[in-house]
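Report on one structure; see the data block that follows.
One-based numbering along the sequence shown.
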Amino acid sequence: MSTTMLVAETIWKDIESTHSGPSQFLFHFDLSILANLFSILLLPSVTDDHLSKLHFLFGNNFDRATRIIDQKGVQKISGQPSGRSIFQVVGESKRKEEYLCFPEHYCACYSFFYDIVNRGEQLCCKHQLAARLAACLGACIHVEVPDEELALLLSKL
């Protein structure tokens, strides 16, 4: 694992360790590093420092991921009764394509195969970042389906 990825994993673990579940209280922070790109609603467990570090590591992909979260574009699909899950993340194109992904390992989007697998230029795609950050923030739309339906979704990967 690269040094950059180790740093990113440390930040994710720190965020996850302070997250106590969805909060009823949301606070709005204007992030100076991202000021002219966007502002997002955050749970108190994610600090400006966390966000600055993630932005430094992931750049524009992080900006795009936060926009996807702002637009409620992350679903966590859980199979019942097994509890297994996968994320479905909406793309930013006009077509609003949906991509299945495992935040730490895989995304079905073109960028994952081109920029990450083939060229090794990125650590992960914006859909993986959106899924991971939304999970940490408790900002996913949770959808429960029978295990058979989840298996059908996974068979399309």
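The minimum heavy-atom distance between Cys124 and Ile116, with the atom names listed, is C-CD1, 3.3 Å. Considering every non-hydrogen atom in both Ile69 and Ala134, the closest pair reads CD1-N, 3.7 Å. The minimum heavy-atom distance linking Tyr99 with Gly91 is given by the pair CE1-CA, 4.1 Å. Across Tyr106 and Phe112, no two heavy atoms sit closer than the pair CA-CZ, 3.7 Å. A pairwise comparison of heavy atoms in Ala131 and Val89 identifies CB-CG2, 4.1 Å as the closest pair.
With Asp115 contributing its side chain and Cys125 its backbone, the two residues share no donor-acceptor pair below 3.5 Å.
Looking at heavy atoms from C-beta onward, Leu157 lies in side-chain contact with Ile86 at the 4.5 angstrom threshold. The side-chain heavy atoms of Glu92 and Lys126, taken from C-beta on, include a pair separated by under 4.5 Å. Between His50 and Thr47 the shortest side-chain heavy-atom distance falls below 4.5 Å. Side-chain contact check for Lys53 versus Val7: every heavy-atom pair is 4.5 Å or farther apart.
Separating the CD1 atom in Ile15 from the CG atom in Leu137 is a distance of 7.5 Å, to the nearest 0.5 Å. Cys109 contributes atom SG, which lies 13.5 Å from atom CD of Glu98 (distance to the nearest 0.5 angstrom). From Gln128, atom CD reaches atom CD of Gln122 across 10.5 Å, with rounding to the nearest 0.5 Å. Here CD of Glu149 is found 12.0 Å from CD of Glu144. Values are rounded to the nearest 0.5 Å.
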Quiz item: Going through the distances and angles, do Phe62 and Leu133 end up as a side chain to side chain contact (heavy atoms under 4.5 Å, CB included)?
Solution: CA-CA 9 Å; Phe62 184 73; Leu133 186 58; 3.8 Å; yes
Practice problem: Report the C-alpha separation of Arg132 and Leu129 in whole Å, then their side-chain angles, then the decisive distance to 0.1 Å, and conclude whether the side chain to side chain contact (heavy atoms under 4.5 Å, CB included) test is met. | Solution: CA-CA 5 Å; Arg132 190 130 191 218; Leu129 281 172; 5.9 Å; no
Exercise. Using the side chain to side chain contact (heavy atoms under 4.5 Å, CB included) rule, take Thr66 and Leu51 through it: C-alpha gap first, then chi angles, then the decisive distance, then the call.
Key: CA-CA 10 Å; Thr66 56; Leu51 294 170; 5.6 Å; no
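Using modelled atom types, one finds no donor on one side chain facing an acceptor on the other under 3.5 Å when comparing Ser52 with His55.
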